[in-house]
Amino acid sequence: MSRPRALENIRVVDFSWVRAGPWATRWLGALGAEIIKIEWPENERGRLPSTTTPQDLEVNLNTSGNFNDTNVNKKSLSLNVRSAKGLEIVKRLIAISDIVIENFSSRVLQRWGLGYEEQRKIKPDIVYVSMSGYGHTGRHHHYTTFGPVAQAVSGLTYLSGLPDQPPAGWGWSYMDDTGGMYGAMCALTGLYHRNMTGEGQHIDLSQMVSSVPLNGPALLDLTVNGRGSRRAGFPPGNRAHWPGTPLVHNYRGPIVAPHNAYRTDPCDYNDWCVIVCHSDEEWQRLVQVMGAPSWAASAKFATLAGRLAHQEELDERIEAWTTTLGKYELTERCQAAGVRALPVQSAEDRVEHDPQLRHREMYLAIEHPALGLHKVQNAPFKLSETPASNHLPSPLIGQHTREIVEGLLGYSHEELRLGFADGTFWPTQRARFPYLEEMLQ
Amino acid sequence: MKDSQGQPLPGPLAGLRILELADETGQFCGKLLGDLGAEIVKIEPPGGEPNRHVGPFLDDIPHPERSLSFWYYNTSKRGITLNLETVDGRRLFGRLAATSDVILETFRPGFLASIGLGYEVLRKENPGLIMCALTPFGQTGPWRDYLSSDLLHMAAGGEMASSGYDESDLPIAPGGGNSWHTGCHFAHMAIMAALVYRTIAGQGQYIDASIHEACALTTEAAIANYIYRGEVVRRQTGRHHAPGPTPRTQFRAKDGNYVCALVAGRLNPRYIGELADLLDTNGMAGDLRDPKYQDPAVILANTSHIIDDLVAGFIASLPSEEVYHAAQERGFTWGAVRAPEALLDDPHLKDRGFWKEVEHKELGRSFLYPGEAAIYSRSPWRISKRAPLIGEHNTEIFCDELGLSPSELSVLAENAVI
């Protein structure tokens, strides 16, 4: 017997595109909700442009690897929502759904005649999560974001880097990943509230605003102590404190040394290990792992204050040792002795070499009709009764149009054919994929 | 937000009782749930959680009641002290667990079971109980007992392999404690899924959540680049990782601050016209209005000139905030790279009622706290109270709610149970 699913019988109308919105609905899908992704090939954003299509495949709407990973567990309805007929179909779909999610600019759904007030008329207890850049409320609601802009404006980018250097920032759209998480969290919270009270609501999530609370301690240092973050020695790179600057907090954790990334053998691009000692005792354990070299016996390194005062020399000495070992061997030796150390891991390292992720089955392969068999990222939590799982590959564009239009909404096959002929389900001038032709047989 | 009787509407999680046994790795999850209206009882060891010693501190004076980090991550919680290593402590915990909806715990794997407080024991009294164990690596596997820290998770999770500078191969771990945030976001999601399921099935469940896995999931397309194309991405200053070098997106403005301007990849004749209009607002359009830019091939050949001379020159001619607003008002997805202090006066955040005044009665002062990520139209987010003092609600919970007498409470205190 198959396991029950947490979101059994929950249906989501998913207008989202690019990354943050689809990352939200991916998880609702993994938890068992039926995700109906509404797409239109002419203005699709997420499948194209693709920089993750395997080298041996043609780049088209169905061959983006990143789209596949971001959109597992969903069905695709190809629909021109900007047509009267398309809008009518969407309304019939909302009437039998629980959640509507979109990450358009702030006024798009209203312009389509699908704002929250309209949705309520169709489905009084609908949970509507809008995931716009700046939210639907506030004077800058019309501003737009991608992850990097939300990160910049909210202060997240500034917290990453070396002092007296430009911000290093985040090497990806952290706030598309995290914004997606908030989208899923808001939808689940709204759903819980609906199940308890019978009431739906509009949840106005903003990518930029949701980034700000992630700077909490830095912001309290400002509002309580009046201290800003533009100051000497901040941000301190990978260290907890930058040598030669006032001992002010770093907002990451305890002010300790060693606390840094060190090169490891063979000193290629991603051959680094991080080592952190939270106490004098942990430092003494590290000294033993290093083989108790004479330099480490120096009194100046015996105390936290001494290690902070001589951090440059400390880091040089430690690195002279770390470069003699590979990052995994170093990790094992340190951790076996109770020293905090882990390798810097590239994507290849995580997928191929990380024994913990392998044990926890983080990457399991699923078959995709155009891409073939590839590993997909799994949930980082295991629910004992209703496990999350990737049960569907990402949909081909429009793959489930017939299933939804005829099977779910009860239109006739003739109406489906008519909708393809009049540009409701596929642009009339655009070549149809073979599976769409088959759908019309 | 008020109901028809003029009463404030409850938050979406009102009515839930959650026990939090969480250190720095999990306290944010309790805050997320508490600010949404759940009643959180934070259980600390006698003397308080060690992370009360994490700075910054009020007026820079280290003290367990003055940690701003602790303040921030523990809003909307009541606090009690309880020593689970004692028989009395375990008995009292069992009574609390019997009437709770969720337990969030961050002990090392197996610890609660080893003292007789594992999920299988607790659920017997309370089949609807949801228990979420949030740990660095999960409850199983070769690394399950490894030690960690925020920096360690940023390394192993892949965040560092994606972040750094063009000129150097030093990986940089973004700051702010975001590995804890990431673990807590996923734990919050898992708890909510279990709560939704419970509204239908009536049954609780156990959740084994891993911070390492949460971080390993949070590097956007890095994994897809490898899985589908075998590519390992390289670090680029202030912008996306990529398999090879990419044009820059971070530019120094006149005030010395930076602007994030996403230009490359968008260059086409129409965009050039709009860019010329923007740059012209400060007389900096250069040759952008030359008809030659109607030819996409010419644009491509001049990408570096457009970005490194014209866009960079325009941004260098104005303060970062002016560039940000001028660009956004014209539809450009650009932003000022702000330090957190710039947010306090942000009018958009003010319009959304973002900053919340939180009273610290014992200090006779109130402070502004960051507010909500999302506005809930029928069940508002709010900070119900500042972080608890050590054992602040011992009497309220042990005496008023569990029915202990004041003298029993003093005996527990003398025996270091609370």
Quick one: of [options], who has the most non-hydrogen atom pairs under 4.5 Å with chain A?
options                                : answer
B/Thr237, B/Leu68, B/Asp59, B/Leu58    : B/Leu68
B/Ala173, B/Gly177, B/Gly37, B/Ala209  : B/Ala173
B/Ala14, B/Ala193, B/Ala222            : B/Ala193
B/Gly335, B/Ser179, B/Cys260, B/Ala190 : B/Ala190
B/Gly353, B/Pro10, B/Ala221            : B/Ala221
B/Asn178, B/Leu344, B/Asp346           : B/Asn178

A side-chain contact here means heavy atoms from C-beta on lying under 4.5 Å apart; do [X] and [Y] qualify?
X        : Y        : value
B/Trp71  : A/Val224 : yes
A/Val149 : B/Phe332 : no
B/His212 : A/Gln345 : yes
B/Leu147 : A/Val339 : no

- Task: Go through the steps for A/Tyr143 and B/Tyr324 under the test ring pair (Phe, Tyr, Trp, His ring centres under 6.0 Å), then give the verdict.
- Result: CA-CA 10 Å; A/Tyr143 284 15; B/Tyr324 160 45; 5.7 Å; yes

Using non-hydrogen atoms only, which part of [X] is less than 4.5 Å away from chain A: side chain, backbone, both, or neither?
X        : value
B/Phe354 : side chain
B/Tyr258 : side chain
B/Phe28  : side chain
B/Leu32  : side chain
B/Val196 : both
B/Leu33  : neither
B/Asp60  : both
B/Pro370 : side chain
B/Leu152 : both
B/Thr218 : both

[X] versus [Y], closest heavy-atom pair with distance:
X        : Y        : value
A/Arg5   : B/Tyr197 : O-CD1, 3.8 Å
A/His142 : B/Glu329 : NE2-OE1, 3.0 Å
A/Ser346 : B/Val232 : CB-CG1, 3.9 Å
B/Gly175 : A/Trp170 : O-CZ2, 4.2 Å
B/Phe367 : A/Thr223 : CD2-O, 4.3 Å
B/Arg378 : A/Gln201 : N-OE1, 2.8 Å

- Yes or no on side-chain hydrogen bond (donor to acceptor under 3.5 Å, both in side chains) for B/Thr219 and A/Arg350, after CA distance, side-chain angles and deciding distance? CA-CA 11 Å; B/Thr219 57; A/Arg350 280 173 278 161; 3.0 Å; yes

- Query: To the nearest 0.5 Å, how far apart are OH in B/Tyr119 and OG in A/Ser384?
  - Reply: 6.0 Å

- Stepwise, does the side-chain hydrogen bond (donor to acceptor under 3.5 Å, both in side chains) test hold for A/Tyr174 with B/Glu159? CA-CA 9 Å; A/Tyr174 176 58; B/Glu159 281 71 15; over 6 Å; no

- Among the options A/Ala150, A/Ser154, A/Ala152, pick out the one with the most heavy-atom pairs lying under 4.5 Å from chain B. A/Ala152

- B/Arg234 to A/Tyr269 six-membered ring, cation-pi geometry met (6.0 Å, 45°): yes

- If the plane angle is over 60° it's perpendicular, under 30° parallel, otherwise tilted; pick one for B/His325 and A/His140. tilted

- Message: B/Ile375 and side-chain contact (heavy atoms from CB on, under 4.5 Å): which single residue from A/Asp204, A/Ile203, A/Leu205 fits?
- Response: A/Asp204

